[in-house]
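Beneath this line is the structure, given in structure tokens, with notes to follow.
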Amino acid sequence: MLINNLTQQVIPWRFEYKYHLSAIQYYRPRNASRLYLEPDHFTRTAPQNRHLVRSLYLDNEHFETYYEKIEGNFGRIKCRIRTYSKTMDNGTVLKAELKNRWGESIEKYSKVISTADYNHFMKTGHWPAMKDPVLEEFERINHLRSSHPVVLVQYYREGCRPRNREDLRITFDHDVRSCLADTLFPSSTLFKKHLFHMIILKIKCRHHQPLWLSRLARLHGLKYVANSKYTQGIEAVRPDLLSPY
């Protein structure tokens, strides 16, 4: 099965624009954008208006996914399992996700899984017998690459949506950090921060940024940056992989 043939659980092609903000820069565009944006459901109902996001990324012993990102390969794919909780019970939301990047465009495939599905995959490397194209492709890619969980990335997200319901999503990610882990719910963790005193602004849109948002970025001197939480996570916990050149 090819990833392009998946037809279910697809988040359409989109563009992503990312910016690193200091504390001062964070408040200025955030406050200025309130005329156009409002907190999304997850943010409104979260403590301090920021909800937890945890992602367990899979890669192989050669860190093929990591080096594909470093080299900027076209059509690269990341596999991760995501949750929004620090502990697991029968009601915990879990997702298996594939993120496919083609230049500046991104397509994400996501499938909600049960705690039993998660536990089975973590023990065996296989999903329970089910015919779901996202899970089949997730398993195929990981077996093809001999991948396994390598790093856990955690942060607190503040999400916004446009008041006019246009196809746009904006998030501010706080306190991004990572640790070596082979599970979403390790019994003990030693998290390392990615960017000290920095907040990540991410703009996701179906087409290009609306004019008001481009003007806001220019007004506040925001500069587009490449920002891969997985790459930063690996570099935080495995500095030996960094090239000396």
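Start at 1 with the first residue, then count along the sequence. Keep in mind it's a predicted model, so treat the numbers as computed, not measured.
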NZ/NE/NH1/NH2 to OD/OE distance under 4.0 Å, Asp175 and Lys193: yes

How are the rings of Tyr230 and Tyr57 set relative to one another: parallel (under 30°), tilted (30 to 60°) or perpendicular (over 60°)? tilted

Strictly by modelled atom types, are His197 and Ser22 linked by a side-chain donor-acceptor pair under 3.5 Å? no

Note, Thr115 side chain near Leu94 side chain (heavy atom, < 4.5 Å): yes

Give the ring-plane orientation class for Phe121 versus Trp127, where under 30° counts as parallel, over 60° as perpendicular and anything between as tilted. parallel

Please answer whether the main-chain N or O of Glu64 pairs with a side-chain N or O of Asp59 as donor and acceptor at a distance below 3.5 Å. yes

Against His174, only a single residue in Gln48, Arg157, Glu158 fulfils side-chain hydrogen bond (donor to acceptor under 3.5 Å, both in side chains); can you say which? Glu158

Pi-cation contact, Tyr155 with Lys229 (under 6.0 Å, within 45°): yes

Can a donor-acceptor pair be found between the side chains of Thr83 and Arg54 at a distance below 3.5 Å? no

Determine yes or no for a side-chain-to-main-chain donor-acceptor pair under 3.5 angstrom, with Asn60 supplying the side chain and Arg145 the backbone. yes

Whether Ser85 side chain and Met88 backbone form a donor-acceptor pair below 3.5 Å: no

Sidechain N-carboxylate O distance under 4.0 Å for Glu38, Arg161: yes

Between the side chain of Thr124 and the main-chain N/O of His126, is any donor-acceptor distance below 3.5 Å? yes

Decide whether Glu235 and Tyr66 meet the rule of one side-chain donor and one side-chain acceptor closer than 3.5 Å. yes

Test applied, side-chain hydrogen bond (donor to acceptor under 3.5 Å, both in side chains); reference residue, Ser178; option that passes from His194, Gln154, Lys192, Arg238: His194

Using modelled atom types and a 3.5 Å cut-off, is there a donor and acceptor pairing between side-chain atoms of Arg28 and backbone atoms of Gln25? no

Pairwise side-chain contact, Leu21 with Met198, heavy-atom cut-off 4.5 Å (strictly under): no

Do side-chain atoms of Thr43 reach the backbone of Pro39 as a donor and acceptor pair under 3.5 angstrom? no

Using side-chain hydrogen bond (donor to acceptor under 3.5 Å, both in side chains), reason through Glu107 and Tyr109 one step at a time and then give a plain yes or no. CA-CA 7 Å; Glu107 193 168 27; Tyr109 306 84; 2.9 Å; yes

